[in-house]
Amino acid sequence: MKTKALLKISLRQNAIFIPSEMIANDNKNLSATTSVLLANVSKLGFTFSESLLHALNNVNPTYKVEVLEVLREVLGNDKNWTPLVKEWNIPTGESVLDHIVTYFGNAFKTKNGTTLQCGHSIPDNTFPLEKYNGCPFCGTPFEFGKLENIGQGSKLKVLDLWSEKELQDFYKSLLQSKTALDATQVESLKTALKYLPLPKTDIAMKETLMLVIDVLIEEGQAEKASQYFKSPTDILRYLWFKNTGLLQIIEPKTIIKRTSKNAQHFYNVLDTSAQAKIASQKDLKLKYSRKECLMVANWLKNLDMDVETMCEIMHPKRGMWVRVIRALRLAEYSKRKGFEKLAFLMDVFYNQVYDVWQSKVNTSRLKFDADKTFALLKQRPGLFARSLFSNMLWFGADETVAHFEEIIDKVPARLVFTLNMYAQNYFDKNMQRSVKPLGGTNKRIAPNALLNLYDEAQLEAMKNQIEALCLLAMKQRFATIANLNKTIYIDPQLFNMPVSIGDRSETVQDLPVALMGTRFPIEGNEVRLFMQWGKDLQAQHLDMDLSCHIAYEDKADICSFSRLTTTGCQHSGDIRHIPNKIGTAEYININIEELAKANAKFVTFTCNAYSNGSITPNLVVGWMNSKYPMKISEKTGVAYDPSCVDHQVRVTQNVAKGLVFGVLDVAKREIIWLEMTFGGQVVGGLDYKGVQALLSKLNSKLNIGKLLQLKAEAQGLTIIEDQNADEVYDTKWAINAAAVTQLLID
Ligand SMILES: [Zn+2]
């Protein structure tokens, strides 16, 4: 278990971990087992770097087998990849009429037809049954084929060698990450915490801390956790994480709303949202054992903070605190000897005898008292940063920025960075902003109404003001660090990648990870989307849909279950029932030439859950891309070839309804990797404007490349094209997003 778990962590970082004690000798000639491994791995689209090949050549065959097994597992080789239609690249010609005739045929039990295993009778002269692997009417598959065409990929991905040092460095970088970890990093960290001792290092983010504390408590070291709690919010965050599994404090009403929204269905009979609402409310009921109550009472009384400050911090989440305090029976514990501080806290909190900073800010702001408002805001630099833009519109840009400049060095770097990213959209009257509330799905929101007080030139000036401010702040921070190096290399790709600050990815990347914004050039004329789901689940109705949305300048088109064939796109057929344990698959073929000829602009890749509930676990989506034509089995329609997979993600989060997992830019012939969740059954809002709003978030000026440029200027480094520079920043370095965040100096 341990070996495979650690292998999976390294694979996500494009490497294979081999413990040094496993490398038994120093044999230079390739052994027979190594050659076999190499051949098998290349069929999956991978090969080894020289050092990895040498190391693998000198480990025992068991380890080699494990390497191959991990790759096969991640690429889903043992799953069922059979679609509903055999030769799905040729439209079956099925029509809505076929569905209607079959519907009535079954309702009135007419005789002339073929009865299938699912019990449906398909009337003669409707669906061409010989073209299907299952029932065309209800979407239940009966026939399953094997992977036939593998190894058609036009490029092999080179895996590197990881020793204990690289594994340990990666582990530490996760703990030190200056932005919250995404789902992939969280999985890797949890695995590391499980199998490796906790290294001595500072933990930079609260969310990361929660995972670590959890492990400490599981090991019966709750008192050790006490030192990590700095404020009541940390404690609330931990309790919430234990209750909901979510790393941020999301208000219960948001969770309940989202769960019931996902269960709303077009047809009333199938609408279980009321049940879902009740079930979810029940889930959020708090219940604690005596041991847990005492543990939290101790944490609270041990906080190194005065009671008034604690109360003020607790105030914004007052409702949640009231519930938690009751559930933990803290009033009872506060009567115990040694818990006097807790008693005092309960008293001040319940009687509300504390000042609330935010309400003072609101009052002076409404009175238009600039001096008082800014004096207050300067006490809380982080909150000043968050309200900077609206205050610029309210009090005027110059005055607000002048006050902000006085405290900008106290604002965390990731916030400074975020400011610049969002200024570009915020000060644009026409730009609907794409925002994602914590725990919710992406929404487009209308611009601030105060923007209308200003003309375009003034708003442009505000954007530039913010950018200049942020650039200066980042540069000053780089300048405080002495650097003896002379030259620096910055990979051009890094200028396409935003620093991962705002949206955290909720899907897991098991293949070598790609940062959002990564461009994948299209090698041939075809891109093939795939989706596989239901592995390890019992046979049942489970409808997941793979679709793509085609944006033209003046219209939109869709290829999905309801429209299997459209200009440039062909769907493999809608499966609504999964077979037992092996899962099932859908595909879409995208023809680039045809789309270009029709003048299509973007194709957005999406998947969603059409049945009640959220996307199922064990769902994998991705796309294939090869210079060579990618075959489709004539016998079964199986069209998956692991060696052609550019990118794939595993969906684990079960609150999201639908997912965008990539955008194809037809003119540029490239696929942009990005991820966004959306609510509702139907893919709406992915029109030309919607996609542009999405992409504009990726095109922020303060990308990783630009940040490195600032570093070079501030530290007097010469940027050179040569990869032998003193400091090298290439895509290999950027694959560890946690390490990249170390550029955000506080
Ligand atoms: Zn059927």
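Keep in mind that the numbers below use all heavy atoms, side chains included, and drop hydrogens, waters and symmetry copies. Every number for a ligand or one of its atoms is a count from 1 in the order of the listing.
A distance below 6.0 Å separates the ring centres of W623 and F520. Checked against the 6.0 Å centroid criterion, the rings of Y587 and F530 do not qualify as a close aromatic pair. Centroid-to-centroid, the aromatic rings of H571 and F561 stay 6.0 Å apart or farther.
Taking the side chain to side chain contact (heavy atoms under 4.5 Å, CB included) definition, one finds that N149 meets it with Q152, K631, sequence neighbours left out.
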- Task: Given ring-ring contact (aromatic ring centres under 6.0 Å, His included), test H99 with F127 step by step and report yes or no.
- Result: CA-CA 8 Å; H99 281 268; F127 296 100; 5.0 Å; yes
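Protein-derived N/O/S atoms nearer than 2.8 Å to the Zn ion (ligand 1) total 4, waters excluded.
Remark: D557 does not engage K555 in a salt bridge, criterion side-chain N to carboxylate O under 4.0 Å.
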